[in-house]
Amino acid sequence: MSVFTRGESFGEAVAFRSKKYPVSGEAVTACHLLQIPTSALLEIMRKDLDVSLSILASTFAHLHSLVDQLEQLKAQMGAQRLAEFLLEICACEANSCVVTLPYDKVLIAGRLGMKPESLSRAVAKLKAVGVKVDRNSASIESIERLREFAVSDPADSWTKGR
């Protein structure tokens, strides 16, 4: 699942194959969406190298994002994925921070590859590292502690009792 914001594009690569876009989408806020016909896009790309390179770069960025998501799903617990998400949206210089969640929890859960109830369990686990989520905001006691949790190896907890 991807979430796109102002100025972002999607579906460019499908134009190269002359097929319908294989997914669907839904606007969660008021927005304007611009659909460019494949023929027009290809014509512009043939005439302007900069446009072609921009579309290639955008396609690569989308692919890279999907690979990152796949790696996260395979290698991280849900709470770690949530920790990374919070760190991504955190723009604070200080060690503690309050961030506004950019969209509702159902959408956040989907973006992180989990069900809403799994997101609730992940939120509960983050309390132990100083994170409190309340409606549409998250209070982070220690950004450094949250970062350490996000990159920790889940297997470490299995060997602590030895």
Side-chain angles (χ1 to χ4, degrees), residues 1-93 97-123 125-126 131 133 135-138 140 143 146-155:
M1 170 188 232
S2 294
V3 177
F4 297 98
T5 59
R6 174 178 287 150
E8 293 184 299
S9 62
F10 58 94
E12 304 93 330
V14 176
F16 305 133
R17 300 189 66 209
S18 299
K19 295 193 175 194
K20 290 186 184 274
Y21 197 60
V23 297
S24 63
E26 179 180 346
V28 295
T29 61
C31 67
H32 295 282
L33 185 66
L34 175 64
Q35 178 182 357
I36 301 172
T38 299
S39 58
L41 180 63
L42 293 175
E43 183 178 332
I44 292 168
M45 289 176 66
R46 285 185 189 102
K47 291 179 179 177
D48 191 335
L49 181 61
D50 289 339
V51 171
S52 296
L53 291 174
S54 292
I55 290 174
L56 185 60
S58 175
T59 301
F60 176 76
H62 291 308
L63 176 62
H64 187 71
S65 174
L66 289 172
V67 169
D68 284 347
Q69 285 180 9
L70 184 59
E71 286 177 354
Q72 283 181 334
L73 288 171
K74 292 182 78 163
Q76 292 181 312
M77 300 179 306
Q80 286 177 298
R81 295 194 306 270
L82 177 57
E84 279 198 356
F85 174 78
L86 292 174
L87 290 167
E88 284 173 16
I89 63 172
C90 179
C92 301
E93 297 295 324
C97 188
V98 175
V99 296
T100 301
L101 301 177
Y103 21 85
D104 70 32
K105 291 176 185 170
V106 172
L107 196 54
I108 293 170
R111 183 176 184 276
L112 297 176
M114 58 179 89
K115 295 180 178 172
E117 55 270 20
S118 299
L119 179 67
S120 294
R121 288 191 291 274
V123 167
K125 286 182 182 175
L126 290 186
V131 175
V133 175
R135 295 186 188 194
N136 66 340
S137 68
I140 304 168
I143 292 171
L146 184 60
R147 190 172 286 117
E148 287 172 7
F149 175 80
V151 298
S152 65
D153 186 348

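The side-chain contact (heavy atoms from CB on, under 4.5 Å) check on Glu26 picks up nothing, with sequence neighbours excluded. The side-chain contact (heavy atoms from CB on, under 4.5 Å) test applied to Ala150 returns Ala83, Glu84, Leu87, not counting sequence neighbours. Checked against side-chain hydrogen bond (donor to acceptor under 3.5 Å, both in side chains), Glu8 has the following partners two or more places apart in sequence or in another chain: Thr5. A search for salt bridge (charged side-chain N to carboxylate O under 4.0 Å, His left out) contacts involving Arg147 returns Glu144, not counting sequence neighbours. In terms of the side-chain contact (heavy atoms from CB on, under 4.5 Å) criterion, residue partners of Lys115 (sequence neighbours excluded) are, by chain and number, Glu117, Ser118. With sequence neighbours excluded, the residues that form a side-chain contact (heavy atoms from CB on, under 4.5 Å) with Glu43 are Lys47.
The CG atom of Leu53 sits 12.5 Å away from the OG atom of Ser58 when rounded to the nearest 0.5 Å. Distance CD1/Ile140 to CG/Leu126: 9.0 Å, rounded to 0.5 Å. In this structure, the separation between CE on Met114 and CE on Met77 is 10.0 Å, given to the nearest 0.5 Å. The CG atom of Leu112 sits 10.0 Å away from the CD atom of Gln76 when rounded to the nearest 0.5 Å. Atoms CD1 and CG, from Ile108 and Leu86 in turn, are 8.0 Å apart once rounded to the nearest 0.5 Å.
Residues Phe149 and Gln80 share a closest heavy-atom pair of O-NE2, 3.3 Å.
A 4.5 Å side-chain heavy-atom check between Leu82 and Lys125 finds every atom pair outside the cut-off. No side-chain heavy atom of Ser137 sits under 4.5 Å from any side-chain heavy atom of Val99. At a threshold of 4.5 Å between non-hydrogen side-chain atoms, the residues Pro116 and Lys105 do not count as touching. Contact of the Leu101 side chain with the Val133 side chain is registered, since non-hydrogen atoms from C-beta on lie closer than 4.5 Å. By the 4.5 Å heavy-atom criterion applied to side chains, Pro102 and Phe85 are counted as neighbours.
At most 12 heavy atoms of other shown residues, nucleotides or ligands fall within 6.0 angstrom of atom CZ in Phe60.
With His62 contributing its side chain and Ser9 its backbone, the two residues share a donor-acceptor pair below 3.5 Å.
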Side chains of residues 31-42: which donor-acceptor pairs under 3.5 Å do they make with residues two or more places apart or in other chains?
none

